[in-house]
Amino acid sequence: MSIIRLKNLSKNFKERKAVDNLSLDIEKGEFFALLGFNGAGKTTTIKMLTGLLEPSSGDAYIDGMSIVSDMDNIKPILNISPQETAVAPNLSVYDNLVFIAKIYGFSDLEAREKASSMLKKFNLDSRKKDKAKKLSGGLMRRLSIAMALITEPKIVFLDEPTLGLDVRARRELWYILKGLKGEVTVLLTTHYLEEVE
């Protein structure tokens, strides 16, 4: 069964078509990649699916709900790790995770337990007390993705998760991302064909 279904989804910015009648289905638990060059509309598509932009025409259905009319009901089941890493630079790695969990309504104890679990899962335990701004690009991306997953979403959007990472950091991050397959539906964007393969 499709957890994400796009039907003629389009977005125009004045006379420029950023997304033109995109239709596709993504199955529950699938690891799906949007491949394209810079400016191909990948980020615009994710922004529409997460409620950050309204489509110009068409619709998409997430877990059976319309992004045009049901976005408030969709938001609790998804999360995003954007291109621009959205971490609080002056908070520690651990506190960033706790902060996000609490924003999503978890109790203090639950938030701390979830943060500890994510630190282990993303191999960030040794950096737990470090301020986020002291992390390398690869570790910052790991933290950003851990923050997106701490809320236990059904669907997670990863917008160019390896952008700007060196070869080793990319390989390490992909090892972690592969572990998500089947656990959560992942829609990611990239312009690297070898990553899609």
Those residues that, when tested against [X], pass side chain to side chain donor-acceptor pair (under 3.5 Å) (two or more places apart):
X: Lys17; result: Asn12
X: Asn38; result: His191
X: Asn8; result: Ser23
X: Arg16; result: none

Q: In sequence, state the C-alpha distance, the side-chain angles, and the governing distance for Asn96 and Met118, and then conclude on side chain to side chain contact (heavy atoms under 4.5 Å, CB included).
A: CA-CA 11 Å; Asn96 264 285; Met118 284 298 175; over 6 Å; no
(Q) Is it true that, when you exclude Tyr175 itself, more than 12 heavy atoms of the residues, nucleotides or ligands shown sit nearer than 6.0 Å to its OH? (A) no
Q) Quick check: are there more than 12 heavy atoms from other residues, nucleotides or ligands sitting under 6.0 Å from CD of Glu27? A) yes
Listed partners of [X] passing side-chain contact (heavy atoms from CB on, under 4.5 Å), at least two apart:
X: Leu52; value: Lys47, Thr50
X: Tyr94; value: Ser92, Val98, Arg112, Ala115, Ser116, Leu119, Lys128
X: Lys7; value: Arg5, Tyr61
X: Lys181; value: Phe31

Inter-residue atom distance [X].[atom1] - [Y].[atom2], 0.5 Å rounding:
X: Leu187; Y: Ile26; atom1: CG; atom2: CD1; value: 4.0 Å
X: Ile4; Y: Asp63; atom1: CD1; atom2: CG; value: 9.5 Å
X: Leu53; Y: Ile46; atom1: CG; atom2: CD1; value: 11.5 Å
X: Glu110; Y: Ser117; atom1: CD; atom2: OG; value: 13.0 Å
X: Leu22; Y: Lys42; atom1: CG; atom2: NZ; value: 12.5 Å

Does [X] share a hydrophobic cluster with [Y], counting links as ILVMFWY side-chain heavy atoms below 4.5 Å and allowing steps through other members?
X: Ile103; Y: Ile80; value: no
X: Leu34; Y: Leu158; value: no
X: Leu149; Y: Phe157; value: no
X: Leu139; Y: Ile176; value: yes
X: Leu35; Y: Leu49; value: no

List the atom of [X], the atom of [Y], and the distance in Å for their closest heavy-atom pair.
X: Asn79; Y: Tyr104; value: ND2-OH, 3.5 Å
X: Met65; Y: Asn73; value: SD-CB, 3.5 Å
X: Ser66; Y: Ile74; value: O-CD1, 3.5 Å
X: Ile150; Y: Leu97; value: CD1-O, 3.4 Å
X: Val19; Y: Leu9; value: CG1-O, 3.3 Å
X: Val184; Y: Pro153; value: CG2-O, 3.2 Å

Q | Leu177/Ile145 under side chain to side chain contact (heavy atoms under 4.5 Å, CB included): CA gap, chis, key distance, verdict | A | CA-CA 9 Å; Leu177 293 179; Ile145 294 167; 4.0 Å; yes
Donor-acceptor check, side chain of [X] to backbone of [Y], threshold 3.5 angstrom: yes or no?
X: Asp159; Y: Pro82; answer: no
X: Thr189; Y: Glu160; answer: yes
X: Ser10; Y: Asp20; answer: no

Q: Apply side chain to side chain contact (heavy atoms under 4.5 Å, CB included) to the pair Leu24 and Phe32, showing each step before the final yes or no.
A: CA-CA 11 Å; Leu24 57 87; Phe32 191 92; 4.1 Å; yes
Q | Derivation and outcome, side chain to side chain contact (heavy atoms under 4.5 Å, CB included), residues Leu6 and Thr45 | A | CA-CA 10 Å; Leu6 280 65; Thr45 300; 4.1 Å; yes
Q. Hey, does Leu180 have a side-chain heavy atom less than 4.5 Å from the side chain of Lys121?
A. yes
Residues forming a salt bridge (charged side-chain N to carboxylate O under 4.0 Å, His left out) with [X], sequence neighbours excluded:
X: Glu152; value: Lys114
X: Arg127; value: Asp130
X: Arg142; value: Glu172
X: Lys11; value: none

